[in-house]
Amino acid sequence: MIRTILMLIFWALAAPVAAIIGFPATFIMGDVRVLYRLFMWGAWAGVWITGVRVETLGLDQFDHARSYIFMTNHVSNLDPPIQIPLIPRRTSVMVKKELFKVPILGLAMRMGSLVPVDRGNRDAGIEAVRAAKAVVDQGLNMTIYVEGHRSFDGKLLPFKKGPFYLAEECGVPVIPVTIVGTHFTMPKARFAIKPGLVKVIFHPPIEPKDFGSRDELMEKVRAAIDSGLPEECRQVLPSVSEGTAQRGGTAFA
């Protein structure tokens, strides 16, 4: 618990400092990369304070100069501050629209071209696809948690269809990503963070010419992510996203 509180205190102190340095630099230089790097450093340093250590695999399997859509599993609130700083070049992510109302954070997210998602509005999924495509068209990466929700037990939930529609629209390679260990260090519904080892696996990219149908692409991404999970968490899931129909959510959340 103490480490978790220290991380939150660090983030609360680091965010204004990053803003004081990063916002003027962004306005003067017309480039958000300084602000982005400061926030990425802060995210990574905060995780390090908790005693969580990260092992990264597969970063050498793709060209860091290209744009990609990274599709990853999701088991913990620790996933984004661990994974996003690891991705070469700047990446956008989809976040709850409510977070855009948070002072400093909301402004930084807008400047960083993050995409807001309204979880309670099914039609908002279409707008999120358009916004995400516009981000990728700018030459940025896009990182998507394809299940839409965190898993309680570390096993994959049904995938949302929206990310795969986006991949077809953008025509850029998809890189499946598996994160393992955050289910232990900070599982869903727990506040305290335990020290431990987290593994982030970047699987080989799936090129647009190899997508096949939307359902085939979904199966390829599912199989890749699932292959990186511990044996006890692997499973066979249906090829269509049941989550949207069952929960009545959007295509992304």
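FYI, the numbering just counts along the sequence from 1. What you see is a predicted model, and the numbers here were worked out from it, not measured in a lab.
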Residues which pass side-chain contact (heavy atoms from CB on, under 4.5 Å) with P16, listed by chain and number, not counting sequence neighbours:
I104
How many angstroms lie between atom CG of N73 and atom CZ of R222, to the nearest 0.5 angstrom?
12.0 Å
Taking every non-hydrogen atom, the tightest pair across K155 and S151
O-OG, 2.8 Å
Which residue pairs satisfy the side-chain hydrogen bond (donor to acceptor under 3.5 Å, both in side chains) criterion with at least one member in residues 48-58, sequence neighbours excluded?
none
Cluster overlap M94 with V221, hydrophobic side-chain contacts below 4.5 Å:
yes
Would you list the pairs meeting salt bridge (charged side-chain N to carboxylate O under 4.0 Å, His left out) in which at least one residue belongs to residues 60-69, sequence neighbours left out?
R66-E207
Given side chains that start at C-beta, do those of N77 and R150 come closer than 4.5 Å, heavy atoms only?
yes
Roughly how far, to the nearest 0.5 Å, is CZ of R234 from CG of L229?
7.0 Å
Path from F191 to F152 over hydrophobic side-chain contacts below 4.5 Å:
no
Evaluate the ring planes of F164 and F159, with Trp represented by its six-membered ring, and classify them as parallel (under 30°), tilted (30 to 60°) or perpendicular (over 60°).
parallel
Nearest heavy-atom approach of W44 to I82 is CZ3-O, 3.4 Å
Could you work out the complete set of other residues in the hydrophobic cluster of L197, with links drawn between I, L, V, M, F, W and Y side chains under 4.5 Å apart?
none
Might you point out which heavy atoms bring A224 and S227 nearest each other, and give the distance in Å?
O-OG, 2.5 Å
Taking side chain as C-beta onward, heavy atoms only, is V52 less than 4.5 Å from R3?
no
Would you say T185 and V198 make side-chain contact, with heavy atoms under 4.5 Å?
yes
With a 4.5 Å heavy-atom cut-off, do F70 and N141 have their side chains touching?
yes
Below 4.5 Å, heavy atoms only, C-beta onward: do I193 and L78 meet side chain to side chain?
yes
Salt bridge (charged side-chain N to carboxylate O under 4.0 Å, His left out) involving D137 - partner list, sequence neighbours excluded
K133
Is there a continuous path of hydrophobic side-chain contacts, each under 4.5 Å between heavy atoms, that joins W41 to I20?
no
Are F202 and L86 close enough that some pair of their side-chain heavy atoms sits under 4.5 Å apart?
yes
Tell me, please, which residues at least two apart from E232 pass salt bridge (charged side-chain N to carboxylate O under 4.0 Å, His left out).
none
Hydrophobic cluster membership, with links at side-chain heavy-atom distances under 4.5 Å among I/L/V/M/F/W/Y: are L13 and L8 in one?
yes
Donor-acceptor contact present, side-chain K188 to main-chain H183, <3.5 Å
no
Decide side chain to side chain contact (heavy atoms under 4.5 Å, CB included) for F39 and V34; before the verdict, give the C-alpha distance in whole Å, the side-chain angles of both, and the deciding distance to 0.1 Å.
CA-CA 9 Å; F39 271 87; V34 172; over 6 Å; no
Among all residues two or more places apart in sequence or in another chain, which pass the side-chain contact (heavy atoms from CB on, under 4.5 Å) test with I49?
L6, F10
Got a second to check how far D226's CG is from E219's CD, nearest 0.5 Å?
10.5 Å
Going by side-chain contact (heavy atoms from CB on, under 4.5 Å), name the residues that satisfy it together with A192, two or more places apart in sequence or in a different chain.
M1, T4
Between S113 and V135 (side chain of the first, backbone of the second, donor and acceptor by atom type, cut-off under 3.5 Å), is there such a pair?
no
Under 3.5 Å, is there a donor on one side chain and an acceptor on the other for D79 and T182?
yes
Are S76 and F184 side-chain neighbours, meaning at least one heavy-atom pair lies under 4.5 Å?
no
Mark yes when over 12 heavy atoms from residues, nucleotides or ligands other than F211 sit less than 6.0 Å from its CZ; otherwise mark no.
yes
According to a hydrophobic-cluster definition based on side-chain heavy atoms being under 4.5 Å apart (Ile, Leu, Val, Met, Phe, Trp, Tyr only), do V75 and L156 belong together?
no
Heavy atoms, side chains only, cut-off 4.5 Å: are S67 and Q138 in contact?
no
Please, which pairs that meet salt bridge (charged side-chain N to carboxylate O under 4.0 Å, His left out) have at least one residue in residues 33-51, sequence neighbours excluded?
D31-R33
What closest approach, in Å, do T72 and E147 show between heavy atoms, and which atom pair accounts for it?
O-OE1, 4.5 Å
Pairwise distance OG(S92) to CG(L140) - rounded to 0.5 angstrom:
7.0 Å
Can you name the residues that form a side-chain contact (heavy atoms from CB on, under 4.5 Å) with I21, not counting sequence neighbours?
V17, L38
Hydrophobic cluster of L57, others only, ordered by chain and residue number, side-chain cut-off 4.5 Å
I201
For V93 and I144: C-alpha separation, side-chain torsions, deciding distance, then whether side chain to side chain contact (heavy atoms under 4.5 Å, CB included) applies.
CA-CA 6 Å; V93 294; I144 303 175; over 6 Å; no
Give the table of side-chain donor-acceptor pairs shorter than 3.5 Å for residues 166-181, with sequence neighbours excluded, one pair per line with atom names and distance.
{"unit_1": "E168", "atom_1": "OE1", "unit_2": "R214", "atom_2": "NE", "d": "2.9"}
{"unit_1": "E168", "atom_1": "OE1", "unit_2": "R214", "atom_2": "NH2", "d": "3.1"}
{"unit_1": "E168", "atom_1": "OE2", "unit_2": "R214", "atom_2": "N", "d": "3.4"}
{"unit_1": "T178", "atom_1": "OG1", "unit_2": "H203", "atom_2": "NE2", "d": "2.8"}
{"unit_1": "T178", "atom_1": "OG1", "unit_2": "I225", "atom_2": "O", "d": "2.8"}

Say you draw a straight line from CD1 of I2 to CE of M7; how long is it, rounded to the nearest 0.5 Å?
14.0 Å
Heavy-atom nearest pair, P88 first then F62, reads CG-CE1, 4.0 Å
Heavy-atom closest pair, residues C233 and D153:
SG-O, 3.8 Å
Would you check if there is a donor-acceptor pair between the side chains of T143 and Q83 at a distance under 3.5 Å?
no
